[in-house]
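As structure tokens, the structure follows; a few thoughts come after it.
A note on names: the letters A, B, ... follow the listed sequences, proteins ahead of strands, and every chain is numbered from 1. Scope of the values below: all heavy atoms of this structure, side chains included, with no hydrogens, waters or symmetry mates.
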There are 2 protein chains.
Amino acid sequence: MRGNLFAVAVDLVILTVRADRLAALLVRRGIPPFQGELALPGGFVLPHEDLLDSARRELAEETGLSLGDHHLEQLASFAAPDRDPRGRVLSVGHLALVPDLPDPEAGSDAAASAWHEVAAIGALAFDHGRILGEGIERARAKLEYTTLAATFCPPRFTVAQLRRVYEAVWGTALDPRNFQRKVTSTPGFLIPTKEMTSSGRGRPAQLFERGPATGLHPPMLRDPA
Amino acid sequence: MRGNLFAVAVDLVILTVRADRLAALLVRRGIPPFQGELALPGGFVLPHEDLLDSARRELAEETGLSLGDHHLEQLASFAAPDRDPRGRVLSVGHLALVPDLPDPEAGSDAAASAWHEVAAIGALAFDHGRILGEGIERARAKLEYTTLAATFCPPRFTVAQLRRVYEAVWGTALDPRNFQRKVTSTPGFLIPTKEMTSSGRGRPAQLFERGPATGLHPPMLRDPA
DNA sequence: CCAAAAGTGTTTATAATACACCCATGC
DNA sequence: GCATGGGTGTATTATAAACACTTTTGG
């Protein structure tokens with residue numbers, strides 16, 4: 001082992017759907033480098049910490065989420081020699097999908113963090129723009145073959161809420177009728193409850209919970225606009 | 001930046017198809033730890049080197065391949081605190097798909113390396129068994145949605161050769177007639193040449209070259225056994 | 001001639017799409 | 001009643017899969 005040592009960080013692409021728009025949690029940096037600029041939440045890996053544990057810890061610190069059944073996965077590593085002016089830093093990007101949360105409140109590390117609609121995000125510190133881009137791309141791809149979309153929803157949700165998640169992430173319109181049949185007939189996607197939505201215009205909708213499906217399912221439908 | 005520094009290595013899952021079997025290039029370790037055991041090719045990242053450059057360099061050293069149009073991509077990073085007895089080492093796994101090559105010859109680093117049929121590979125040094133497993137899984141998944149299978153083939157190949165690649169990687173039998181129509185009708189997959197195979201039993205087959213397709217194509221067919 | 005592999009055409013099953021239509025609520 | 005969204009049924013279309021058949025070589 002030689003002296004070519006790296007600092008190792010984890011950075012998080014934390015996505016949610018708010019007001020029918022895909023949004024990411026970003027922090028405004030309080031210290032150099034890139035002071036005052038927007039960046040992904042993240043930090044250095046502790047001496048005896050595994051990568052996912054480190055990402056889970058950062059996620060909890062930034063969002064207050066204890067990440068019970070939420071989704072967290074490794075994205076990719078970024079280690080361009082000049083990506084950090086302080087020296088050689090390898091960052092392991094992670095992707096988290098969380099339900100719509102109340103705005104991050106003051107206190108702990110979350111003070112400087114806020115949700116930003118992804119369509120309106122400009123340049124970020126370091127190479128975080130690229131990491132964010134890969135996270136969004138991965139999320140879009142995974143919705144097509146997994147039941148992960150439900151992780152964007154609260155514990156109980158309607159089929160229409162779930163559909164709006166797909167529409168927000170993909171930026172397309174889906175046929176509500178075909179969507180309904182598709183998701184309700186995919187084994188393990190949705191667990192029906194006996195409750196219905198009480199308020200709102202139109203006929204009340206049945207409430208569902210996230211099913212246990214982890215793996216793949218036949219492709220989701222993408223209607224033309 | 002604190003003293004929690006890591007050594008960073010790249011390890012390579014180098015896959016090929018030899019004699020209709022999926023095979024990986026492995027090295028036998030000449031020094032501790034895990035002296036004498038089989039491991040993935042790899043090594044430490046140099047001070048000013050990017051990850052893919054480092055992987056390309058290791059690939060060239062181990063196989064002699066200059067990696068013109070061959071495939072190389074990052075897989076994932078592995079950093080369990082105890083994965084290397086020498087200390088904290090983060091390894092960035094990479095996946096390379098190469099055509100069937102002559103056996104690695106003595107000289108350079110390739111001396112101790114050899115192809116191993118993946119079905120016959122036992123325990124590997126470090127956590128390389130897991131990295132290999134993820135590489136194989138990724139390769140299997142990507143054949144289904146990309147035209148990557150052709151990177152396992154020599155510069156000119158027949159449809160039957162390409163089919164045997166799918167059959168080797170997936171371990172399934174495919175219908176030669178449906179396969180033919182499928183691959184020849186996928187835009188950008190195959191470039192037809194005017195040449196035919198000269199020898200061999202049966203009717204001569206047309207030779208093709210790798211097409212330019214990079215992205216996705218409709219799912220490949222998987223026939224039942 | 002026969003066996004073997006290449007390649008084409010046709011039929012059948014399955015899944016995706018489009019869309020007509022009925023249901024249950026708020027106003 | 002009427003607008004709004006929830007939910008079901010069905011026709012149409014694309015695609016995958018199964019397989020009969022012709023072509024072209026070597027022996």
Side-chain angles (χ1 to χ4, degrees), chain A residues 19-20 143-147 149-150 153 156-168 170 172-187 189-209 216-225, chain B residues 20 143-145 147 149-150 153 156-168 170 172-187 189-209 216-225:
Chain A
D20 297 345
L143 287 211
E144 186 131 21
Y145 294 107
T146 70
T147 61
C153 294
R156 302 197 151 192
F157 54 93
T158 66
V159 172
Q161 278 178 274
L162 183 64
R163 176 168 46 83
R164 275 180 224 110
V165 166
Y166 278 92
E167 293 178 331
W170 286 345
T172 64
L174 298 175
D175 185 308
R177 299 158 298 184
N178 291 335
F179 183 85
Q180 172 104 12
R181 212 154 353 102
K182 183 79 185 170
V183 296
T184 54
S185 70
T186 299
F189 199 166
L190 299 178
I191 298 173
T193 72
K194 286 168 188 99
E195 283 175 79
M196 307 289 249
T197 48
S198 42
S199 70
R201 292 186 296 288
R203 173 175 167 179
Q206 190 175 8
L207 286 167
F208 294 86
E209 293 174 354
L216 306 181
H217 64 71
M220 222 61 230
L221 66 183
R222 317 185 80 135
D223 285 34
Chain B
D20 297 346
L143 286 210
E144 187 132 20
Y145 294 106
T147 61
C153 294
R156 302 201 150 189
F157 54 93
T158 66
V159 171
Q161 278 178 274
L162 183 65
R163 176 168 46 83
R164 274 180 226 110
V165 166
Y166 278 91
E167 293 177 330
W170 286 346
T172 64
L174 298 176
D175 185 307
R177 299 157 296 185
N178 290 336
F179 184 85
Q180 173 104 14
R181 212 151 357 97
K182 184 77 183 169
V183 297
T184 54
S185 69
T186 300
F189 200 168
L190 300 177
I191 299 173
T193 72
K194 288 171 184 95
E195 284 175 77
M196 307 289 250
T197 47
S198 42
S199 69
R201 292 187 296 286
R203 173 174 167 180
Q206 191 176 7
L207 286 167
F208 293 86
E209 293 174 355
L216 307 180
H217 65 69
M220 224 59 230
L221 67 182
R222 318 186 78 135
D223 285 34

**Message:** Whole angstroms only, please: what is the CG-P distance between B/Leu162 and C/dG7?
**Reply:** 12 Å
**Prompt:** Any N or O donor-acceptor pair linking the side chain of B/Arg181 to the base of C/dG9 at under 3.5 Å?
**Reply:** yes
**Fill in**
Rounded to whole Å, CD of B/Gln206 lies from C1' of D/dT23 at a distance of 14 Å
**Request:** Can you tell me the distance, in whole Å, between the CZ atom of A/Arg163 and the C1' atom of D/dG5?
**Result:** 9 Å
**Asked** Atom CD of B/Glu195 and atom P of D/dT25: how far apart are they, to the nearest Å?
**Response** 15 Å
**Message:** So, taking the atom named CD in B/Gln206 and the one named CD in B/Gln180, what distance separates them when rounded to the nearest 0.5 Å?
**Reply:** 8.5 Å
**Asked** Starting at CD of A/Glu167 and ending at C1' of D/dG5, how long is that distance when rounded to a whole Å?
**Response** 13 Å
**Asked** Okay, side chain of A/Glu167, backbone of A/Asp20: is any donor-acceptor separation there less than 3.5 Å?
**Response** no
**Request:** Determine, for nucleotides 22-27 of chain C in 5'-to-3' order, which nucleotides have protein heavy atoms under 4.0 Å from the base (write B), from only the sugar-phosphate (write S), or from neither (write -).
**Result:** -BBBS-
**Asked** Counting N and O atoms only, with roles assigned by atom type, does the side chain of A/Gln161 sit under 3.5 Å from a partner on the main chain of A/Thr158, one being a donor and the other an acceptor?
**Response** yes
**side-chain N/O B/Arg177 vs D/dA20 OP1/OP2, d < 4.0 Å** = no
**Request:** Report the distance from atom CG of A/Asp175 to atom C1' of D/dT12, rounded to the nearest whole Å.
**Result:** 14 Å
**Request:** Verify side chain to side chain contact (heavy atoms under 4.5 Å, CB included) between A/Phe208 and A/Thr184, making sure each step is shown before the conclusion.
**Result:** CA-CA 10 Å; A/Phe208 294 86; A/Thr184 54; 4.3 Å; yes
**Protein-nucleotide distance (B/Gln180, atom CD; C/dT10, atom C1'), rounded to Å** = 17 Å
**Interatomic distance, A/Phe179 CZ vs C/dA16 C1' [rounded to whole Å]** = 15 Å
**Asked** If only atom types and distance count, is the side chain of A/Thr186 paired as donor or acceptor with the main-chain N or O of A/Phe189 below 3.5 Å?
**Response** no
**Asked** Under the 3.5 angstrom rule, does the side chain of A/Thr193 hit a backbone N or O of A/Leu207 as a donor-acceptor pair?
**Response** yes
**Item:** Distance-only donor-acceptor test, B/Asn178 side-chain atoms vs D/dA16 base atoms, 3.5 Å
**Value:** no
**Prompt:** Can you say whether the rings of A/Tyr145 and B/Tyr145 are parallel (under 30°), tilted (30 to 60°) or perpendicular (over 60°)?
**Reply:** tilted
